[in-house]
**Q** 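Attaching a single structure in structure tokens format; questions to follow.
Basis for what follows: all heavy atoms, side chains included, without hydrogens, waters or symmetry-related copies.
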Amino acid sequence: PDFNEDFWGSVTENSRVYHATQSENVESILATGLNAASETRGLSNRFMGDSVFTSTNPEAISSYGDAVIEINVWAMAQSGHMPTVSGEDPLSEDQQRESIAHKLGLEDFRSEDRGWEGLDPDTVVFSQGIPPQFLKLLS
């Protein structure tokens with residue numbers, strides 16, 4: 001399945017995603033938008049490049065900051081601003097852990113789906129920034 005095609009194809013008038021940040025960043029984000037950034041995010045998504053990480057579940061991202069910004073993806077789609085989106089695959093991190101264990105000589109190591117930090121099936125990763133007109137402070 002094509003995550004990007006499925007995501008944009010299923011957008012409705014009520015479609016929203018959420019981005020958590022520290023409260024000191026809110027004023028700047030609401031004024032200039034969410035900028036795609038390339039930061040270390042763990043084993044499975046460290047090569048994603050400049051991205052904006054969001055979630056379809058605002059409660060799932062509370063550990064990333066004390067402020068949650070709502071992103072109106074319906075308005076984005078209506079305006080034609082539809083950057084490529086992708087998701088995270090928890091299995092890929094497990095596979096990478098097994099590969100590293102193998103390289104270290106830990107032949108009996110078997111990774112299990114343990115919900116590794118930062119991986120969530122509700123994550124939607126935008127390949128470009130999100131302009132301020134699509135943003136609203138949720139909490």
**Q** Does Q22 have more than 12 heavy atoms from other residues, nucleotides or ligands lying within 6.0 Å of its CD?
**A**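 Correct, the count exceeds 12.
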**Q** Give, for atom OG of S15 and atom CH2 of W8, the distance between the pair rounded to the nearest 0.5 Å.
**A**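 Separation between the atoms: 9.0 Å.
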**Q** Can you measure from CD (E5) to OG (S10) and round to the nearest 0.5 angstrom?
**A** 10.5 Å
**Q** Report yes or no: do S23 and D66 form a side-chain donor-acceptor pair below 3.5 Å?
**A**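 Yes, D66 and S23 have a side-chain donor paired with an acceptor closer than 3.5 Å.
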**Q** Could you list the residues that satisfy side-chain contact (heavy atoms from CB on, under 4.5 Å) with T21, not counting sequence neighbours?
**A**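 Residues passing side-chain contact (heavy atoms from CB on, under 4.5 Å) with T21: H19, N25, V26, I29, A67, I69.
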**Q** Once you round to the nearest 0.5 Å, how far does CD of Q133 lie from CG of N72?
**A** 10.5 Å
**Q** Any chance you could measure W74, atom CH2, to T12, atom OG1, to the nearest 0.5 Å?
**A** 7.0 Å
**Q** Indicate the ring-plane relationship of H81 and F134, choosing parallel, tilted or perpendicular according to the 30° and 60° boundaries.
**A**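 If you compare the ring of H81 with that of F134, the planes turn out parallel.
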**Q** If you look at every heavy atom in S51 and V125, which pair is closest and at what distance?
**A** CB-CG1, 3.5 Å
**Q** Rounded at 0.5 Å granularity, tell me how far CG in L137 sits from CD in E70.
**A** 10.0 Å
**Q** Do I71 and L135 touch side chain to side chain, with heavy atoms closer than 4.5 Å?
**A** yes
**Q** Are I130 and M76 packed together at the side-chain level, in the sense that at least one heavy-atom pair is separated by less than 4.5 angstrom?
**A**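 Yes, close enough: below the 4.5 Å cut-off.
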**Q** When you compare the side chain of F126 with that of V85, does any pair of heavy atoms fall below 4.5 Å?
**A** yes
**Q** When rounded to the nearest 0.5 angstrom, what is the spacing between CG in L138 and OH in Y18?
**A**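 Rounded to the nearest 0.5 Å, the CG-OH separation comes out at 6.0 Å.
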**Q** Is there a side-chain contact between V73 and F7, using heavy atoms and a 4.5 Å cut-off?
**A**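 They are in side-chain contact.
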**Q** Under the salt bridge (Lys or Arg N to Asp or Glu O under 4.0 Å) definition, can you give me all pairs with a residue in residues 74-85, not counting sequence neighbours?
**A**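 For residues 74-85: none.
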**Q** How far apart are the closest heavy atoms of Q128 and A36, and which atoms are they?
**A**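 That would be C-CB, 3.9 Å.
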**Q** Minimum heavy-atom separation for A60 to S55, with atom names?
**A**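 Heavy atoms only, the tightest pair is CB-OG, 4.2 Å.
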**Q** Does E24, at its CD atom, have more than 12 non-hydrogen atoms belonging to other residues, nucleotides or ligands within less than 6.0 Å?
**A**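 More than 12 within 6.0 Å, yes.
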